[in-house]
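Order of listing sets the numbers, starting from 1, for every ligand and every atom in it. Computed from a prediction, not measured in an experiment: that's the story for all the values here.
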Amino acid sequence: TAALSIKNLRKVYGNQFEALKGISLEVQAGDFFAVLGPNGAGKSTTIGIISSLVRKSDGEVRVFGHNIDTHFSEAKQELGIVPQEFNFSQFEKVRDIVLQQAGYYGLPRAKAEVQADKYLKKLGLWDKRNTPARTLSGGMKRRLMIARALVHEPRVLILDEPTAGVDIELRRSMWEFLREINAQGTTIILTTHYLEEAESLCRNVAIIDRGVIVQNTSMRALLQRL
Ligand code: ADP
Ligand code: ADP
């Protein structure tokens with residue numbers, strides 16, 4: 001089964017604006033996949049629907065075969081989502097934010113603590129674990145979002161513009177980290193409007209423009225055509 005399967009996905013905002021015009025795509029298990037497109041193409045809308053935060057107008061989404069409408073809790077366990085906006089409480093402590101998310105996924109407390117600490121260490125946040133999130137730099141907040149998304153060890157990690165507004169040094173270390181977890185078997189899907197980011201990381205790519213997928217190919221084939 002595909003890690004992610006999207007069929008004829010449509011989204012109409014406010015009964016008039018068709019942000020997604022019936023997109024279909026498949027991402028195979030173990031892939032590192034880019035959804036590449038300009039601002040306004042529909043990338044965040046797609047991720048919003050996969051994470052059940054945005055209501056779709058039509059179509060079907062499956063995560064490892066689990067339909068997000070009919071098998072929401074199974075699909076949810078497979079998914080780690082890193083949204084573009086920081087959506088944790090700025091006043092909570094870093095470790096508590098990750099632990100709360102573990103609770104949301106139903107991890108027992110002891111397991112949650114082990115997992116939270118593992119990912120806080122991996123993402124260089126261990127020294128900050130007892131500080132309120134608001135004191136973190138932008139790059140650290142971004143890494144906190146990733147630690148939180150991984151705490152239940154999902155098989156699919158989806159990141160919406162993970163390096164937007166991130167400086168070059170941190171961007172490179174995040175790329176390195178994503179390569180590492182992909183090499184360990186996690187399927188990664190990211191959205192980006194930087195060809196360079198997709199080129200450096202991804203094996204396969206879908207190009208989306210104004211709610212339509214205009215290309216869906218290997219990164220290598222895309223680069224040969226450019
Ligand atoms: P729906 O109920 O159709 O899913 P939402 O509740 O997501 O739509 O959005 C309601 C309204 O908020 C939209 O119709 C729009 O006027 C406004 N809105 C929110 N975010 C945006 C955006 N990024 N671009 C344009 N309009 C937006
Ligand atoms: P991207 O992530 O590729 O920049 P989005 O999915 O955020 O694109 O937006 C796709 C289109 O849908 C844009 O034209 C955007 O203005 C519009 N849009 C996004 N959210 C809303 C909303 N809540 N209400 C109305 N329009 C929206």
Side-chain angles (χ1 to χ4, degrees), residues 2-27 31-63 67-69 72 75-76 79-88 138-139 141-146 148-149 154 156-167 170-171 174-175 178 187-219 222-223 225-226:
L4 176 69
S5 159
I6 292 177
K7 282 193 189 131
N8 302 320
L9 189 62
R10 275 181 73 245
K11 173 62 183 175
V12 180
Y13 282 111
N15 284 332
Q16 42 184 352
F17 180 70
E18 197 175 16
L20 294 177
K21 300 174 182 165
I23 66 166
S24 298
L25 65 89
E26 271 200 359
V27 177
D31 203 354
F32 203 139
F33 192 96
V35 178
L36 178 67
N39 282 324
K43 303 183 298 294
S44 294
T45 298
T46 304
I47 289 188
I49 292 169
I50 297 166
S51 41
S52 296
L53 295 171
V54 172
R55 204 160 14 91
K56 61 183 159 59
S57 305
D58 206 353
E60 188 187 274
V61 177
R62 288 175 187 272
V63 184
N67 186 311
I68 61 164
D69 295 326
F72 171 74
K76 166 181 141 178
L79 282 172
I81 308 269
V82 182
Q84 215 176 117
E85 273 94 43
F86 301 132
N87 59 357
F88 46 77
K141 287 179 183 172
R142 188 62 61 196
R143 282 182 276 147
L144 171 57
M145 299 277 282
I146 298 175
R148 192 180 61 164
V156 185
L157 180 67
I158 302 185
L159 309 98
D160 196 3
E161 302 262 359
T163 63
V166 161
D167 67 48
L170 179 62
R171 182 175 306 163
M174 278 180 49
W175 286 1
L178 293 175
T187 306
I188 300 186
I189 302 166
L190 59 79
T191 72
T192 184
H193 59 270
Y194 297 117
L195 177 63
E196 192 209 347
E197 179 155 274
E199 184 182 343
S200 155
L201 287 172
C202 300
R203 277 189 291 280
N204 291 299
V205 59
I207 300 183
I208 182 168
D209 188 22
R210 282 165 284 188
V212 175
I213 292 191
V214 293
Q215 294 217 46
N216 187 353
T217 181
S218 70
M219 203 63 230
L222 177 74
L223 293 171
R225 243 175 274 153
L226 290 178

Output for pair (F33 CZ, I189 CD1), nearest 0.5 Å, gives 7.5 Å

Ligand 2 atoms in contact with P38 (distance to a heavy atom under 4.0 Å): 3 (O)

Counting each atom of ligand 2 from 1 as listed, which ones have a heavy atom of N39 under 4.0 Å away? 4 (O)

About how many Å separate OG1 of T217 and CG of N204, when rounded to the nearest 0.5 Å? 7.5 Å

Please test T163 against Y194 for side-chain hydrogen bond (donor to acceptor under 3.5 Å, both in side chains), starting from the C-alpha separation and ending with a verdict. CA-CA 10 Å; T163 63; Y194 297 117; 6.0 Å; no

Just distances here: any N/O of A19 and N/O of ligand 2 closer than 3.5 Å? no

Measuring from the heavy atoms of G42, does anything fall under 4.0 Å of ligand 2? yes

Going by the rule side chain to side chain donor-acceptor pair (under 3.5 Å), which residues pair with R143 if we only count those two or more places apart in sequence or in a different chain? none

Which value, rounded to the nearest 0.5 Å, describes the distance between L25 atom CG and L4 atom CG? 6.0 Å

contact_flag G48 ligand 2 heavy-atom lt 4.0 Å: no

Short list, please: which atoms of ligand 2 are under 4.0 Å from a heavy atom of A41? 1 (P), 3 (O), 8 (O)

